[in-house]
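Everything on this sheet refers to the single structure shown next.
Remember, predicted model here, so these are calculated numbers, not experimental data.
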Amino acid sequence: MTGAGTGPGSRSGGNGTGAPRFALLGCLAALLGVAGGAVSLVVHFAVTSPPSPYVVEFAKPGAACGIDPEAEDPEDADLVLDEETGELLRCSVLPVPGSPGRTEPRGPFAADEVARVTSLAQRLASDADGLTGADQAQVERLAEEIGRENGYDKTEPTALETVTWKTGLYGVIGGLGLLILLGLYARWLETPG
C-alpha cells in the first residue's frame, strides 16, 4: 500500500523522501520563527516605556493645526512655537483671552517651563532672521532637559525597543507566512498531476 503523495500520479518523485524532509524542515523553521517572534514581542512590551511628552514643535502662523481630536483639551495638545519669532502659537480662530505678560501652562509644560522655552526661542529668533535649524535644535534640547527634570529620560524609542519590535513582528509574520506556503506546497504535492 502506498502513502499519500507517493503514488505514480504524485509530484513528489521516485521514493518520496525529499519533499517530506523539506516540508518538515520548513515547518520547524516556521514554528521557530513564530516562537522567536512571540518571545521578542513579549520582551518588547516588557521593556517599553513611554517617551517624553515634553516636545516642542515649530510652525508658521496660520498653518494647519495638528491637534489630536482625542485630546481632552485640544488647546493643550502641543507646545508649538512660531519659527520666525519664537512666540507661542495657539490653535484658535479667535484670539485667546489671557493676562498680558503671564504665561499659561501648555500640555505637560508648567507655566514656568513654557516661559523658559519661549524666552530662549524668542532670544534666538531675535539674533537672526527667525529660528535656524541649530536654534530649533537648541530649543528642543531645552525641552528634553525639562522632560528629564520631570522624570522622562527618553524622547524616542530605544534601540532595544526597536530591535525587539521588528524581530518579533517579522518573526511572527514570516513564520505564519511560511506555514501557509508549506501548506499550499503540500496540497500541490498531493494533487495528481
To the nearest 0.5 Å, how far apart are [atom1] in [X] and [atom2] in [Y]?
{"X": "Leu178", "Y": "Ile173", "atom1": "CG", "atom2": "CD1", "value": "13.5 Å"}
{"X": "Asn150", "Y": "Tyr54", "atom1": "CG", "atom2": "OH", "value": "3.5 Å"}
{"X": "Leu24", "Y": "Leu28", "atom1": "CG", "atom2": "CG", "value": "4.5 Å"}

Is the Phe45 ring parallel, tilted or perpendicular to the Trp165 ring (thresholds 30°, 60°)?
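Phe45 vs Trp165 ring planes: perpendicular.
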Less than 4.5 Å apart, side chain to side chain, heavy atoms only: is that true for Phe109 and Val56?
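They are in side-chain contact.
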Minimum side-chain heavy-atom gap Cys27-Leu182 below 4.5 Å:
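A side-chain contact exists here, since the closest heavy-atom pair is under 4.5 Å.
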Looking at residues at least two apart in the chain, or sitting in another chain, which of them share a salt bridge (Lys or Arg N to Asp or Glu O under 4.0 Å) with Glu83?
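Once residues adjacent in sequence are excluded, Glu83 has no partner under the salt bridge (Lys or Arg N to Asp or Glu O under 4.0 Å) criterion.
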Partners of Glu84 by salt bridge (Lys or Arg N to Asp or Glu O under 4.0 Å), sequence neighbours excluded?
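Glu84: no salt bridge (Lys or Arg N to Asp or Glu O under 4.0 Å) contacts found.
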Quick check: closest heavy atoms across [X] and [Y], and the distance to 0.1 Å?
{"X": "Pro157", "Y": "Thr162", "answer": "CB-OG1, 4.0 Å"}
{"X": "Leu81", "Y": "Gly86", "answer": "CD2-O, 3.8 Å"}
{"X": "Thr118", "Y": "Leu88", "answer": "CG2-CB, 4.2 Å"}
{"X": "Val172", "Y": "Gly37", "answer": "CG2-C, 3.7 Å"}
{"X": "Ala30", "Y": "Gly175", "answer": "CB-O, 3.4 Å"}

Please check: side-chain N/O of [X] versus main-chain N/O of [Y], any donor-acceptor pairing under 3.5 Å?
{"X": "Tyr152", "Y": "Pro53", "answer": "no"}
{"X": "Thr85", "Y": "Asp82", "answer": "no"}
{"X": "Ser40", "Y": "Thr164", "answer": "yes"}
{"X": "Glu161", "Y": "Thr158", "answer": "yes"}

With side chain to side chain contact (heavy atoms under 4.5 Å, CB included) as the test, would you mind laying out the steps for Arg116 and Glu145 before giving the verdict?
CA-CA 11 Å; Arg116 283 173 55 194; Glu145 179 184 320; 3.6 Å; yes
Hydrophobic cluster membership, Leu41 vs Val34, 4.5 Å side-chain cutoff
yes
Would you sort out whether Val117 and Glu113 count as a side chain to side chain contact (heavy atoms under 4.5 Å, CB included), showing the intermediate values?
CA-CA 6 Å; Val117 171; Glu113 295 166 343; 5.6 Å; no
Under the side-chain contact (heavy atoms from CB on, under 4.5 Å) test, which residues partner Leu120, sequence neighbours left out?
Arg123, Leu124, Gln138, Val139, Leu142
